[in-house]
There are 2 protein chains.
Amino acid sequence: MDRSLAWIPRAEFARVLEEVVDPHERALAFGAMTRINTLYMIARAGSGHIGSSFSAADVVGWLLLEELDRPFEADGDVYFSSKGHDAPGLYAAMIALGHLDEDLLHRLRRIDGLPGHPDVGTPGMPFNTGSLGMGISKAKGLILAHRLAGRTSRVVVMTGDGELQEGQNWEALPSAARYGMGELTVVVDHNGLQSDTFVTDVSDLGDLAGKFTAAGWGVLRCDGHTPKQLEQAFALRAAEHPDRPVVIIADTVKGGGCPTFAATSMAPGEWRYRHHSGAPSPQDHDSAHRELLDTADGILRGRGLQPLRPVVSTVDLPVKPSGVRLPELYGRLLTEAAHEDPRIVALDGDLVLDTGLIPFREAHPDRFVECGIAEQDMVSTAGGLAAGGLRPFVHSFSCFLHARPNEHIYNNATEGRPVVYVGSLAGLLPAGPGHSHQAVRDVSALSAVPGLTILEPSHPAQLAAALSHCRATSDSVYLRLSSQPVPEELAVLPPAPLVVGRGQVLRTGGRAVAFGAGPVVLAQLLGAADLLAAQDIELTVVDLPWHNRIDPAWLGELLTGIGHVFVVEHQYGSGGQADLIARHLLETGTGDGISFRGIGLTEVPRCGTDAEVLAAHGMDAAHLAREIGADVLGRTLTTQPTGDASWKLSATN
Amino acid sequence: MDRSLAWIPRAEFARVLEEVVDPHERALAFGAMTRINTLYMIARAGSGHIGSSFSAADVVGWLLLEELDRPFEADGDVYFSSKGHDAPGLYAAMIALGHLDEDLLHRLRRIDGLPGHPDVGTPGMPFNTGSLGMGISKAKGLILAHRLAGRTSRVVVMTGDGELQEGQNWEALPSAARYGMGELTVVVDHNGLQSDTFVTDVSDLGDLAGKFTAAGWGVLRCDGHTPKQLEQAFALRAAEHPDRPVVIIADTVKGGGCPTFAATSMAPGEWRYRHHSGAPSPQDHDSAHRELLDTADGILRGRGLQPLRPVVSTVDLPVKPSGVRLPELYGRLLTEAAHEDPRIVALDGDLVLDTGLIPFREAHPDRFVECGIAEQDMVSTAGGLAAGGLRPFVHSFSCFLHARPNEHIYNNATEGRPVVYVGSLAGLLPAGPGHSHQAVRDVSALSAVPGLTILEPSHPAQLAAALSHCRATSDSVYLRLSSQPVPEELAVLPPAPLVVGRGQVLRTGGRAVAFGAGPVVLAQLLGAADLLAAQDIELTVVDLPWHNRIDPAWLGELLTGIGHVFVVEHQYGSGGQADLIARHLLETGTGDGISFRGIGLTEVPRCGTDAEVLAAHGMDAAHLAREIGADVLGRTLTTQPTGDASWKLSATN
């Protein structure tokens, strides 16, 4: 979809920074201008975090323009964002000031561009963030290293307020005080909203200042959109607390800086903030762009300066792929199930939209537990609910759910009471948010938990069967849900019995068989099968939704007469289906003479468009067809099946 | 070693509870008596946590005797310990009151007895604890379940003060306040000491009352050894805060109740409390027993009652096995290495003794970072140190290190800077502490972390080589250290080159080969080889210290002409060496005709003596010999090699 989008070139930033002499006005103009470019980047990428970027923009601007000493230089002061999803705003500011190539403005969430969350591969980023709550700890380590090197640079860390629900933050505070870390300043972007809704409604921070004070920190508070107040706060920080860590609670407005996105524009009673992530609508984009331009131009005109001269680019905007998405359907099914089963309780980790739980929350408020961004607390709370005879369903993104409360899931498992863990956003895609959000190690990290079955449905009918299984089994279940649309060929599949360890043959043919799970892997495998068919190579494609269970009899029958076995996984190649099947074949002696190949991730997943990243990791239909074809023929294909498998990719592009 | 130990039978408890009419005096007598039995249980078991049990004893006694309504009954008030290592004290009180069989007094840390930390398999235990910081969350879940069932039982949770360093506690507080959980009372056993030393020196809790207040909790404080004060605190709790959660900070003395173990007996300037875990010396046992008996008898005599009539049992006390232990040696080697390499920093999670770090702490105080019981903060701090160009070595027990900061290890790995994670107490043994402390899922949970090598040395020379590897590699390393003594046959092995993915043949022979890592697995395998040799079955035993790397050329050569491959792992059978080797054999087609068998854990590990637990899981030499022999001969052995492999077990009994 072609569309014209406007952005501010670096030369205009240089002009404004030179011509606006009052530092406070300059910072405000800069903030409006970086917001314009943030908006451009996110609109162009088709996704990104506007609310958080805008909320933090004036703090970031003030820090980079006035407060920090040579930020991003080798011996300069250090700034980074722990919350991480304000990365587009930070990028925009860094590009404006020449800390990053200007061309990167056009490459947010593109491969070799700027990742959705900060990554050390980008110049000036000291840490990978996006997994919340790690920033203060990392800053402490960096400061200890600086001290050993005789360096006294300041380190400023930006956190969200919702982020402070993570317990790690509170672990981190005492030793910073003990070490007298005058180098360390934490700025809380205190906008009162977390991903979906108000912090107070999710897990109220209580007396935030009191908590930092009790931990031995200095506490300051200011308006985070008023440069003069930011200036004063940092001056007080230095003057009053030279030898201890300080938190500056910066009161901000999520989406602040323009009425279109500002949380202050929410209707009375409206509970959900709509601009946390995703792409702005064309209307919202245009009105916000105008508002921001007006703000900047107002400052310039007030000083008798020329208004901004944005550059207009015609951009081929990504189209959000259509199709049924499993988390949404899941949420409805769970809501229905809870009507008949009073044991069902749902726990959410501040992702009520993305985990499909809004209907549940509305239908069963007494059995909906909003835990906030505190996955450990959530999983242990689920253990308590299970001890009370209930059947808890625990929800978060897969990337967080398997890892942050990893010990807690194991602890629950050792108690032998069934708990269902539901991870959405599972797998390699979407690839835009980057590796903090790509769950490609969840299967591995949980596969050995005793009594925990890992189940990944690929289509609606299978999801319904999977939910029935979760409700009936005495095992615990990790239900792995891709958030990508289900391709049409899978979406129309009828209900079929779901038997532990058994899969469903989606396409039959030949002496080669490929296993996979979930809509994305299977879409690519079906696409590969089509490409191979055009080369007269037949491939049986099996949907195996069980990641750590295999039915020996079923597998034995399926592999009778088979010469080649492939297992494709969107995860690191350890502890998943490839290992499971390989070991089974070897231990039962049924693998003799079979050529076996597991195709999984070997590197940290890339950030980019879905198609870019699938291709980069050799996981798209074309690559899979090439690899499988070469193995089956025992040689490289002379005619490479590089053809367009876009019919399969269309739903996941 | 035979020894006479005295304990108080239940009939004596019944007499004292009936005859001492003043509830406060009664509670004090009860506390002294349960301490006598706690001491007996721990002395008999050869390990256990005296300091923590004694510290909490008067609180537990008051709760069970006076405060709680029908504790441990189906609809009664609920009490459990989140810190968990005070389990012996709780068991003693429960046995005294008839909540547990009296016979269990003699079966602490024995199989089918009372586990080292609480487990739901024991009547009256609602949760598995021992992994710190989960208790408040679990209590919240239970209370929510109670509410849905219309039940209003109180739930009282005991936490340690050191335990409050875990961030999860602070995650857990806000929603308890939001839900107005008047049912929930947390008692902090505030003895000022964590496992090794003073809480203030490790990670000071700061203004503890202020932290709870800031989270919306009611706060009360009392002396935890004075029943009258406990009574008042609980009365205030009910009267002043009926509708919100309350913390009662109970000031206690670690090891309190008798001068021998009381932390108040520590010499001025002494930094390490010596009675956190382990067995008391005979002298300490006897003097503490006398002191406690005097306390109880003093109360009885003051009321004109008969003194206590303990029962004396002659007990065969376990002997602590001798031999070099790798963590201790590791600590010395790291300390030496840090003299020549200024990049080395060591981080500790409140286990400075068990991780061997005392010499490092003394030699390099500027490069020693004590992080307390806050593994997530520790691992991210290490990430910060690595970003600053240092080479951090991160230490904790394996059971905690792989799981609690699982996401943080991955996050560090995605930054590509080398960090060394050193987990002691790795593997199935010691089996006394129970499954919260048995690290049998660490390999699986970390095997897929990109750029992280899992390395487990089995003997001193290999440990030295492993440390050199950790210092030199650009990978991160998880160094898995068994804390069990190294058997003599391994301890004397000379230095040998350590090559990634390659092992060391310890014994050569025949067409069967068995792989294993670490001193315990290899000791059992060598024992099995001896037993098999007596049956004319030859077994090649290979020490493969790499859990997630294999050298194909080396393996190929080693397996030439081999008919049977066994891989023995003290972990759940997923994501470790068995999977790695199986998949390699199958993918390379070199497994054809080879009989393969992985022998790993399938169930949550049992608690008991080391010999009991090895046998229960089929992991001792005799079981391994039987399994391997049967596979090699293709039939069950007619003469079972049940012979005594105790020469191998001697070091791990």
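Letters A, B, ... mirror the listed sequences (proteins, then strands); counts begin at 1.
In this structure, chain A has no heavy atom under 4.5 Å from any part of B/Gln571. Residue contact with chain B, scored on non-hydrogen atoms closer than 4.5 Å, involves the backbone and the side chain of A/Ala578 alike. For A/Cys399, the part lying near chain B is the backbone, with the side chain staying farther off; criterion is any non-hydrogen pair under 4.5 Å. With a 4.5 angstrom heavy-atom cutoff, A/Val449 touches chain B via backbone and side-chain atoms both. In this structure, the portion of A/Pro605 lying under 4.5 Å from any heavy atom of chain B is its side chain and not its backbone. Contacts between A/Ser595 and chain B at a heavy-atom distance below 4.5 Å are absent for every atom of the residue. Only the backbone of A/Leu205 comes within contact range of chain B, judged by heavy atoms closer than 4.5 Å. Proximity to chain B (any heavy atom under 4.5 Å) is shown, for A/Asn128, by both the backbone and the side chain.
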Start with the C-alpha distance between A/Leu390 and B/Leu148, add both sets of side-chain angles, then the distance that settles side-chain contact (heavy atoms from CB on, under 4.5 Å), and finish with yes or no.
CA-CA 9 Å; A/Leu390 300 176; B/Leu148 284 169; 3.6 Å; yes

Worked verdict on A/His408 versus B/Gln168 for side chain to side chain donor-acceptor pair (under 3.5 Å)
CA-CA 10 Å; A/His408 308 73; B/Gln168 183 180 356; 2.8 Å; yes

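Rounded to the nearest 0.5 Å, atoms OG (A/Ser447) and OH (B/Tyr572) are 12.0 Å apart. For the atom pair B/Leu173 CG and A/Lys211 NZ, the distance stands at 7.0 Å (nearest 0.5 Å). How far CG of B/Asp377 is from OG of A/Ser175: 5.5 Å, rounded to the nearest 0.5 Å. To the nearest 0.5 Å, atoms CG (B/Leu586) and CD1 (A/Ile594) are separated by 7.5 Å. Within the model, atoms OG1 of B/Thr381 and CE of A/Met134 stand 11.5 Å from one another, a figure rounded to the nearest 0.5 Å. Summarising the geometry, atom NZ belonging to A/Lys138 is positioned 4.5 Å from atom CG belonging to B/Asn412; distances are rounded to the nearest 0.5 Å.
Between A/Gln376 and B/Ser137, the side chains place no donor N or O within less than 3.5 Å of an acceptor N or O (distance only, hydrogens not considered). In this model, no donor atom of one side chain and acceptor atom of the other lie less than 3.5 Å apart for B/Ser131 and A/Asn411. Neither side chain, A/Arg404 nor B/Asn406, offers a donor N or O lying under 3.5 Å from an acceptor on the other.
Annotation: cation-pi geometry satisfied between A/Arg441 and B/Tyr410 (NZ/CZ under 6.0 angstrom from ring centroid, within 45° of ring axis).
For the pair A/Asp201 and B/Arg178, the salt-bridge criterion is not met [side-chain N within less than 4.0 Å of a carboxylate O]. Looking at B/Arg147 and A/Asp366, no side-chain N of the basic residue comes within less than 4.0 Å of a carboxylate O on the acidic one, giving no salt bridge.
Comparing A/Gly383, A/Ala387, A/Ala139, A/Gly206 by how many heavy-atom pairs each has under 4.5 Å with chain B, the most go to A/Ala387. Per-residue counts of heavy-atom pairs under 4.5 Å with chain A were compared for B/Met125, B/His146, B/Arg343, B/Glu370; the largest is that of B/Glu370. Looking only at heavy-atom pairs under 4.5 Å with chain B, the residue among A/Gly388, A/Pro450, A/Ser203 that has the most is A/Pro450.
Judged by distance alone, the side chain of B/Glu171 and the main-chain N or O of A/Gly167 form a donor-acceptor pair under 3.5 Å.
Inter-residue side-chain proximity for A/Leu144 and B/Val369 is flagged as met; some heavy-atom pair is nearer than 4.5 Å.
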